Amino acid sequence: MYKALIDKLERDCILSFEEYLTLINGYKEISDYAAERASAVRNRIYGKRVYIRGLIEVSSYCKNNCYYCGIRAGNKNAERYRLTGSEILNCADEGYRLGFRTFVLQGGEDAYYTDGLLCGVIKEIKRRFPDTAVTLSLGERSTESYKTLKEAGADRYLLRHETANKKHYSLLHPDTMSFDNRQRCIKDLKALGYQVGVGFMVGSPYQTNEDLANELLYLKKLQPQMVGIGPFITHKDTPFKGFKSGSADLTVFLLSLIRLTLPNVLLPATTALGTLKADGRERGIKAGANVLMPNLSPTDVRKKYSLYDNKICTGEEAAQCLGCLIKNGI
Ligand code: 5AD
Ligand code: FES
């Protein structure tokens, strides 16, 4: 029965809520077959090539207080740093030299990064390296700001929706944040012509398998260019310190379901997946993922971008990060 459902999903690229739920409930029995079919679909569209994006973590300051996140404003133990415009450009220089052609500027919601500063950085990256794509991942901003940044040359924006369930959203975030504003941001980004990446954590507190089935229907409807998912990982200095981390196996299975649902999607095997299981990212790639985002942040700040406990790749130089992925057979 499970096999027939995977075959149906490969054929139709959509299942009903009940069918998705059946697969998620029984995933242990069917994950190998799902990975095999998802890899085949990815190979047919993209070949075996894995897309590499250079991640520059620009700031560990954040005005928000997501209950799960280690860099939340309320975490007094978090060490804070922010990169200046020229430090960001130095990371891009180094990345370009190493062969990176996409830079992802990611950070907490930090008012230091005004539109003026960001437009300068984006334009300068594009001037120095016209053959690169600039991706932003800087959280919720105004419609006007997204427009200004797009006009300055930003190509893509990653903003995880975190959960497609409004009630669940309110259990993960304080009242100062809203599901509706997050959806407004995603809608704006699409309308402005960004290539958009959304995503969610697997095994976040209060998430049910029904929620996960709905995530797949949400993604199908939204048709994003990229979907970033990773397991929730407990951070000791957050309100969710008492909750267990999510499952790497279930995350890998969901990567396969996402590949089969959105065959053309760019699908990263995330650092969180690699943190929870040593071979997590490799297994993600084998299950249908096709993007890796090695860290290009300066070595001395990496440990401070601590979204969850025991994050990997916080010690190495950028070049070593790339080398390590290659060594591990990716
Ligand atoms: N575990 C896993 N992922 C997390 N993120 C934030 N905190 C955690 C955590 N404790 C994810 C969120 C956010 C992205 C940048 O990192 O989904 O959107
Ligand atoms: Fe910064 Fe969630 S804590 S956006």
Side-chain angles (χ1 to χ4, degrees), residues 51-59 61-64 66 69 71 83 85 88 91-92 95 100-126 129 132-164 169 177-201 215 218-219 221-230 258 262 264-268 270-271 290-293 295-297 305 307:
Y51 292 79
I52 305 287
R53 317 294 198 211
L55 184 64
I56 305 173
E57 294 158 337
V58 299
S59 175
Y61 285 88
C62 188
K63 72 172 167 62
N64 290 328
C66 304
C69 184
I71 65 166
L83 303 183
I88 297 172
C91 292
F100 289 86
R101 292 296 178 267
T102 297
F103 300 111
V104 183
L105 276 47
Q106 182 169 88
E109 291 190 19
D110 180 355
Y112 174 85
Y113 296 91
T114 58
D115 290 349
L117 184 149
L118 290 170
C119 287
V121 171
I122 295 163
K123 285 184 186 151
E124 183 58 17
I125 294 179
K126 290 280 180 164
F129 314 118
T132 57
V134 173
T135 303
L136 302 177
S137 180
L138 300 166
E140 298 178 12
R141 301 177 75 94
S142 67
T143 309
E144 202 46 45
S145 172
Y146 288 145
K147 182 162 181 279
T148 306
L149 298 172
K150 183 82 183 51
E151 283 163 4
D155 304 284
R156 307 177 183 148
Y157 205 102
L158 309 181
L159 183 71
R160 289 189 176 182
H161 62 289
E162 309 298 357
T163 168
Y169 187 94
M177 299 177 72
S178 85
F179 177 84
D180 291 342
N181 194 49
R182 199 130 188 118
Q183 293 295 322
R184 187 272 303 162
C185 290
I186 293 167
K187 225 174 95 210
D188 279 353
L189 292 164
K190 276 189 79 172
L192 286 164
Y194 283 93
Q195 292 180 272
V196 174
V198 296
F200 57 90
M201 293 177 289
E215 290 299 344
Y218 170 86
L219 293 175
K221 189 152 167 246
L222 187 72
Q223 298 276 325
Q225 279 83 18
M226 187 187 240
V227 176
I229 67 165
I258 294 169
L262 297 171
N264 293 296
V265 81
L266 288 160
L267 198 57
T270 54
T271 308
N290 66 336
V291 177
L292 288 166
M293 298 168 72
N295 201 325
L296 281 181
S297 313
Y305 199 78
L307 305 180

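Quick caveat: nothing in here was measured; it's all calculated off a predicted structure.
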side-chain contact (heavy atoms from CB on, under 4.5 Å) between Leu138 and Tyr157, worked out: CA-CA 8 Å; Leu138 300 166; Tyr157 205 102; 3.5 Å; yes
Check against side-chain contact (heavy atoms from CB on, under 4.5 Å), Arg101 and Ile52: CA-CA 8 Å; Arg101 292 296 178 267; Ile52 305 287; over 6 Å; no
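Judged by distance alone, with hydrogens and angles left aside, the side-chain atoms of Tyr146 form a donor-acceptor pair with the main-chain N or O of Arg141 at under 3.5 Å. With hydrogens and angles ignored, the 3.5 Å screen pairs no side-chain donor or acceptor of Asn290 with any backbone N or O of Leu266. When atom types are taken as modelled, the side chain of Gln225 and the backbone of Val196 share a donor-acceptor pair closer than 3.5 angstrom. Within the 3.5 Å criterion, the main-chain N or O of Gly197 finds no donor-acceptor partner in the side chain of Arg156.
A distance of 8.5 Å separates CE of Met201 from SG of Cys69, quoted to the nearest 0.5 Å. Taken to the nearest 0.5 Å, the CD1 atom of Ile186 stands 7.0 Å off from the NE2 atom of His161. Expressed to the nearest 0.5 Å, how far CG of Leu117 lies from CD1 of Ile88 amounts to 6.5 Å. Atom CG in Leu192 sits 10.0 Å away from atom CG in Leu149 (nearest 0.5 Å). Annotation: the span from Met226 atom CE to Leu262 atom CG amounts to 13.0 Å, rounded to 0.5 Å.
In this structure, the side-chain contact (heavy atoms from CB on, under 4.5 Å) partners of Thr148, at least two apart in sequence or on a different chain, are Asp115, Cys119, Glu144. Partners of Lys150 according to the salt bridge (Lys or Arg N to Asp or Glu O under 4.0 Å) rule, which considers only residues two or more places apart in sequence or in another chain, do not exist here. Under the ring pair (Phe, Tyr, Trp, His ring centres under 6.0 Å) criterion, Tyr305 pairs with no residue at all, not counting sequence neighbours. The side-chain contact (heavy atoms from CB on, under 4.5 Å) search around Asp110 returns Ser59, Tyr61, Arg82, Tyr112, Tyr113, not counting sequence neighbours.
More than 12 heavy atoms of other residues, nucleotides or ligands sit less than 6.0 Å from atom NZ of Lys126.
Residues in residues 116-125 take part in these salt bridge (Lys or Arg N to Asp or Glu O under 4.0 Å) pairs, two or more places apart or across chains: Glu124-Arg127, Glu124-Arg128. Note on residues 187-196: pairs passing salt bridge (Lys or Arg N to Asp or Glu O under 4.0 Å), not counting sequence neighbours, are Arg184-Asp188.
Using bins of under 30°, 30° to 60° and over 60° for the plane-to-plane angle, the ring pair Phe179/Tyr169 lands in the perpendicular bin.
Ser178 and Asp180 share no side-chain donor-acceptor pair at under 3.5 Å.
Exactly one residue among Ile56, Asp155, Thr102 makes a side chain to side chain contact (heavy atoms under 4.5 Å, CB included) with Thr135. That residue is Thr102.
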